[in-house]
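First up is the structure itself, then whatever we jot down about it.
Worth knowing before you read on, the calculation uses all heavy atoms, side chains too, and leaves out hydrogens, waters and symmetry mates. Residue numbers start at 1 and run along the sequence shown.
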Amino acid sequence: MSYSVGQVSAFAGVTVRALHHYDKAGLLSPGGRSHAGYRLYSDADLTRLQQILFYRELGFSLDEIAVILRDPQANALDYLQARQRQLSAEIARLRQLAEVAERAIEVQQTGVSLSPRERFEVFGEITFDLSYATQAELKWAHSEGQREAMARAAAHTKEDWRRLMGEATAWRAELLAAFDEEEPSDGERAMDLAEEHRLHISRWFTSCPPDMHRRIADDFIADPRAFALVVPPSQQRPGLAAYTGKAVHANAARRAGGRTESQEDR
């Protein structure tokens with residue numbers, strides 16, 4: 001049996017343009033021609049087309065498919081196993097993104113909405129970079145602390161946010177003063193400020209033991225978007241993020257040296 005391009009396009013679910021492209025690429029050249037010079041596909045050609053469509057559905061590029069079909073020594077199993085691993089990783093990533101979207105929906109459905117004016121009154125220059133928020137969600141997707149923080153943040157009222165940001169503003173002023181006055185990052189004043197920050201997180205978001213606080217501080221140093229949540233760029237000084245991170249690490253070491261968790265940490 002021989003089939004025209006139109007017939008193959010109809011029952012294979014591919015466009016005529018795609019079939020012509022496969023022909024030019026050397027992937028699928030029809031085995032026959034009609035008297036008028038039109039392409040005719042044989043049953044063997046259809047079997048090859050089925051293989052091409054199968055690999056395309058799995059996300060293989062045309063170049064990869066050409067290698068698999070052209071080289072009789074090519075191990076299709078190796079290609080399939082590699083693609084399976086890629087697809088599994090992509091599925092896991094998409095599931096995490098779906099969880100991020102679900103949490104964002106939950107936040108939007110809490111009814112705590114702020115007008116642009118109210119948002120500026122509450123948050124001032126502090127802005128939440130959505131790309132950083134998404135990456136943080138993916139990074140800590142399996143963390144109980146992250147889930148608790150998101151749930152508690154979603155439950156905050158406008159007044160809660162005003163109080164929270166008021167505390168943060170006062171703390172930030174003290175941090176900037178300590179830095180400008182060249183207080184050592186491992187001194188009592190800087191470590192006490194680090195402890196205040198840790199307790200602030202515990203009070204408003206999730207229990208923040210010293211190890212977690214160290215990881216948060218490491219993000220301050222590594223990612224400007226993270227530190228911008230604490231100190232807006234207009235108030236930052238060169239070296240301030242590193243200074244804050246060192247103070248947090250020094251405070252964590254101090255607490256590990258014998259101080260016990262306060263009732264507020266529990």
Side-chain angles (χ1 to χ4, degrees), residues 1-109 128-151 154 215 219 222-223 225-226:
M1 292 289 293
S2 296
Y3 309 90
S4 69
V5 172
Q7 289 175 313
V8 174
S9 172
F11 59 64
V14 295
T15 66
V16 170
R17 183 178 180 179
L19 291 171
H20 288 169
H21 182 64
Y22 294 161
D23 188 2
K24 289 180 180 179
L27 273 177
L28 179 64
S29 298
R33 295 274 178 172
S34 70
H35 293 297
Y38 293 109
R39 295 175 175 86
L40 292 177
Y41 292 84
S42 66
D43 288 333
D45 294 331
L46 295 185
T47 298
R48 186 177 177 88
L49 175 60
Q50 187 177 38
Q51 290 178 298
I52 293 169
L53 296 179
F54 168 73
Y55 288 119
R56 286 295 284 163
E57 186 68 19
L58 289 177
F60 285 97
S61 69
L62 293 182
D63 288 341
E64 290 173 322
I65 295 172
V67 170
I68 296 172
L69 297 183
R70 182 174 62 244
D71 185 358
Q73 301 301 318
N75 191 340
L77 180 60
D78 290 341
Y79 283 92
L80 289 171
Q81 288 176 335
R83 186 57 183 159
Q84 181 191 39
R85 290 192 292 270
Q86 293 171 354
L87 290 171
S88 296
E90 182 66 9
I91 289 169
R93 188 184 72 83
L94 291 174
R95 282 176 177 163
Q96 289 183 331
L97 283 175
E99 291 177 8
V100 171
E102 183 179 355
R103 291 174 190 167
I105 291 169
E106 290 173 355
V107 171
Q108 292 297 320
Q109 291 177 337
F128 204 58
D129 189 307
L130 289 179
S131 64
Y132 175 75
T134 302
Q135 289 179 12
E137 276 287 305
L138 292 175
K139 181 178 180 180
W140 305 108
H142 302 295
S143 165
E144 183 61 35
Q146 174 73 3
R147 288 192 289 271
E148 180 187 359
M150 291 297 293
R215 291 194 296 272
D219 273 354
D223 194 329
R225 298 172 302 173

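In this structure, CG on L62 lies 8.5 Å from CD1 on I52, to the nearest 0.5 angstrom. Once rounded to the nearest 0.5 Å, the distance linking CD1 of I65 with CG of L53 reads 8.5 Å. The line from CG of L28 to OH of Y41 is 5.5 Å long, rounded to the nearest 0.5 Å. From E90, atom CD reaches atom CZ of R83 across 8.0 Å, with rounding to the nearest 0.5 Å. Here the CD1-CD distance, from I68 to Q51, works out to 9.5 Å after rounding to the nearest 0.5 Å. Atom CG of L69 and atom CD of E64 lie 11.5 Å apart (nearest 0.5 Å).
The salt bridge (Lys or Arg N to Asp or Glu O under 4.0 Å) pairs that include a residue from residues 12-37 are D23-R39, where partners are two or more places apart or lie in different chains. Listed by first and then second residue, the salt bridge (Lys or Arg N to Asp or Glu O under 4.0 Å) pairs involving residues 46-62 amount to none (not counting sequence neighbours).
For the side-chain contact (heavy atoms from CB on, under 4.5 Å) test, residues two or more places apart in sequence or in another chain that qualify with S88 are Q84. Under the rule for a side-chain hydrogen bond (donor to acceptor under 3.5 Å, both in side chains), the partners of Y3 that lie at least two apart in sequence or sit in another chain are D43. Under the rule for a ring pair (Phe, Tyr, Trp, His ring centres under 6.0 Å), Y22 has no partner lying at least two apart in sequence or in another chain. For the side-chain contact (heavy atoms from CB on, under 4.5 Å) test, residues two or more places apart in sequence or in another chain that qualify with D63 are S61.
Under the 3.5 Å distance criterion, the side-chain polar atoms of S42 are left unmatched by any main-chain donor or acceptor of S2. Not one N or O on the side chain of D45 forms a donor-acceptor pair closer than 3.5 Å with the backbone of P30.
The side-chain heavy atoms of V5 and Y38, taken from C-beta on, include no pair separated by under 4.5 Å. Using a 4.5 Å heavy-atom threshold, the side chains of T15 and H20 count as separate. A heavy-atom distance below 4.5 Å is found between the side chains of L80 and F60.
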For this session: Would you please test L27 and L49 for side chain to side chain contact (heavy atoms under 4.5 Å, CB included) and show each step?
Result: CA-CA 9 Å; L27 273 177; L49 175 60; over 6 Å; no
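The number of heavy atoms from other shown groups lying within 6.0 Å of CD (Q50) does not exceed 12.
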